[in-house]
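The next block holds one structure in the form of structure tokens; read it before the comments.
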Amino acid sequence: MKIAIWWIRRDLRLDDNHALHAAMRWSDQVLPLYIIDPALTGSAYTSDRRLGFLLGGLALLQSDLATRASRLVIRHGTPFAVLGQIVEELRVCAPAATIRIYAETDYSPYAKARDQAIAATYPLHLVSSPAILPPGAVVKDDGSAYTVFTPYSRRWKATFRAEAVKPLPAPVILSTPAFPESDTLPASAPPPGPEFPPGERAAARRLAAFTEGAEAPIARYATDRDRPDLNGTSQLSPYLRFGMLSPRRAALAAYRAEAEAADEPARRGAQVWLDELIWRDFYITILDRFPHVRGGSFRPEYDKIRWANDQAAFAAWCEGRTGYPFVDAAMRQLRAIGWMHNRARMVVASFLVKDLLIDWRWGERWFMQHLLDGDPAANNGGWQWAAGTGTDAAPYFRIFNPVSQGQKFDPTGDYVRRWVPELSAVPPKQIHAPWQLSAADQRRVRCIIGQDYPHPIIDHQFARVRALEVYKQAFA
DNA sequence: CTGCACTTAAA
DNA sequence: TTAAGTGCA
């Protein structure tokens, strides 16, 4: 008798699940297990809303398993202790059984240390990865890791063989031991809003809606993706974060959309979206190979930047009252729905780091505390890119102008009006710089600057020069 | 070594 | 068009 524990971590799905598949192939019975780890739920990088999304996904997985004659075991505790208990309980119920643990490999420093300690004591088998191509699969000719995205993506595309990828179907039935028992699933965290229903079914629907058919948004992705007012992105990031969607399925959908594209812009759209999936692999690889990025700059010399770190300015940024409408809209969107458009992420990050001279780690932590898709690899990579401290970084002298970014990517101001209602009567021409309205115009649109909406927290032209000085000093 | 290219912005 | 910079083939 062989019993496999399928230890679920960030692969909350039955479809195309390599860890589950390996567990089934080896064993006679599979015990699906999710461990609610206090080190993760109690961390300063946790979001209650993300926890709610996770719990919603677990509830759906529970019912999906029930329809397959199986069940989900939930346990609270440190993974090492819980796995020890489960193994012990299985040995009592099935003394003759051989037991193994199967899980998908994970690459954050915490996950690697955790798994290494467990593997030293228990038969832990790690398979596959949350990336499409795992760390180590895409390397330079000399075997070293890429630190620039474009050559990485070229090699990635030469390595990935879409025609050879055969997603694994979800099991129809899963034989599961009747013991040990499960804790009840907690309901303490706020459930996600209607924008992001959890679960692999919702993820599959969203992937299909984004990629399938002649009218699919992916066909316009190359241009619409930069427009937060148009919602031209897939909004699949929370599902990829928890593995409610197989990243291989996503990549295959991109290849298929490219093959079936009706015209050149549509083909381009599919290629650009695939690149976004490759960015995800890239940052997973960077965090694996350069784990020091978790606490500091990829380039150590950038740790010498003398941040202003003004608490009041940070609070204004967090709460969306910087006086720059595009920045404020984005920050309010984040708090309202636990997600922010990618173009907006770049702009608010540049504003925090370059205009307010606040340590990028503060922004990184705030994002982790609010994003449904908050992921240590992608979030860290994005922040270091924006701060100019990372791999493949934007040179530090490239500083986003929050007004021209708004005018360019939210030309009618729809995005600003949606999230900053006090500006709703400001004409499109002035909506990204409302302080330029005359006093009479401010009265007419019922938005007095300094009263109904804040003055700009800092003058961008001044801040730009200051940031260049401070960055230059760090290298002197 | 040398040229090319860079999730590119601003002027 | 430039570039306060640099990885990669």
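Here is the naming used below: chain letters follow the sequence lines, and residue numbers restart at 1 for every chain. Keep in mind that this is a model prediction, so the values were computed, not measured.
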A:R249 bridged to A:D16 by N-O distance under 4.0 Å: no
State plainly whether the residues A:R10 and A:D375 are in salt-bridge range, i.e. N to O under 4.0 Å. yes
Among residues 373-399 of chain A, which ones have heavy-atom contacts with DNA chain C below 4.0 Å? A:Y396, A:F397, A:R398
Side chain of A:T150 only, heavy atoms from C-beta on: which candidate in B:dA11, B:dA9, B:dC6 is closest? B:dC6
Taking the six-membered ring for Trp and the single ring otherwise, decide whether the centroids of A:F400 and A:F351 are under 6.0 Å apart. no
How long is the line joining CG of A:L468 and P of B:dA11, in whole Å? 11 Å
Check: residues 203-214 of chain A side-chain donor-acceptor pairs under 3.5 Å, at least two apart:
{"unit_1": "A:R206", "atom_1": "NH1", "unit_2": "A:E195", "atom_2": "O", "d": "3.3"}
{"unit_1": "A:R206", "atom_1": "NH1", "unit_2": "A:Q235", "atom_2": "O", "d": "3.3"}
{"unit_1": "A:R206", "atom_1": "NH2", "unit_2": "A:E195", "atom_2": "O", "d": "2.7"}
{"unit_1": "A:T211", "atom_1": "OG1", "unit_2": "A:L207", "atom_2": "O", "d": "2.8"}

B:dT2 versus C:dA4 - spacing of their C1' atoms, nearest Å: 23 Å
Which residue pairs satisfy the ring-ring contact (aromatic ring centres under 6.0 Å, His included) criterion with at least one member in residues 434-464 of chain A, sequence neighbours excluded? A:Y324-A:W435
Where along residues 343-360 of chain A does a heavy atom come under 4.0 Å from DNA chain B, residue by residue in number order? A:R343, A:M346
Please report the distance, rounded to the nearest Å, between CZ in A:R154 and P in B:dC4. 13 Å
Return the value, rounded to whole Å, for the distance between atom CZ of A:R464 and atom P of C:dA3. 13 Å
To the nearest angstrom, the CH2-P distance between A:W156 and C:dC8 comes to 19 Å
How should the glycosidic conformation of C:dA4 be described, syn or anti, under the criterion that syn lies within 90° of 0? syn
Could you check whether atom CZ of A:R155 has more than 12 heavy atoms from other residues, nucleotides or ligands sitting under 6.0 Å from it? yes
Rounded distance in Å - CG (A:D275) to P (B:dT8): 11 Å
In this structure, how many angstroms lie between the C1' atom of C:dT6 and the OH atom of A:Y146, rounded? 16 Å
Are A:Q369 and A:S47 close enough, and set up right, to give a side-chain hydrogen bond (donor to acceptor under 3.5 Å, both in side chains), and what steps lead you there? CA-CA 4 Å; A:Q369 288 168 346; A:S47 142; over 6 Å; no
Distance between P atoms of B:dC4 and C:dT2 (Å, rounded): 16 Å
Check ion pair A:D452-A:R446 (N to O, under 4.0 angstrom): no
Just to be sure I understand: a Watson-Crick pair is purine N1 to pyrimidine N3 plus N6-O4 or O6-N4, both under 3.5 Å. Using that and G-U wobbles, which stems of three or more pairs involve DNA chain C? B:2-6 with C:5-9, B:8-10 with C:1-3
Just compare C:dA9, B:dA11, C:dG7 and give me whichever is closest to any side-chain atom of A:R299. C:dG7
Answer yes or no: is there an ion pair linking A:D303 with A:R361, defined by an N-O contact shorter than 4.0 Å? yes
Would A:E319 and A:R321 pass as an ion pair if we require N to O under 4.0 Å? yes
A:Q461, nearest nucleotide to its side chain (from B:dA11, C:dG7, B:dA9): B:dA11
Donor-acceptor pairs are to be reported for all side-chain atoms of residues 110-118 of chain A against protein atoms at under 3.5 Å, with residues two or more places apart or in another chain.
{"unit_1": "A:Y110", "atom_1": "OH", "unit_2": "A:D37", "atom_2": "OD2", "d": "2.4"}
{"unit_1": "A:K112", "atom_1": "NZ", "unit_2": "A:D288", "atom_2": "O", "d": "3.1"}
{"unit_1": "A:K112", "atom_1": "NZ", "unit_2": "A:D288", "atom_2": "OD1", "d": "2.8"}
{"unit_1": "A:D115", "atom_1": "OD1", "unit_2": "A:R9", "atom_2": "NH1", "d": "3.0"}
{"unit_1": "A:D115", "atom_1": "OD2", "unit_2": "A:R9", "atom_2": "NH1", "d": "3.3"}
{"unit_1": "A:D115", "atom_1": "OD2", "unit_2": "A:R9", "atom_2": "NH2", "d": "2.8"}

Basic-acidic side-chain contact under 4.0 Å: A:K140, A:D142: no
note: A:Y471, atom OH; C:dT6, atom C1'; distance rounded to Å ~ 17 Å
For a quick test of reading the model: is some side-chain N or O of A:K140 closer than 4.0 Å to OP1 or OP2 of C:dA9? no
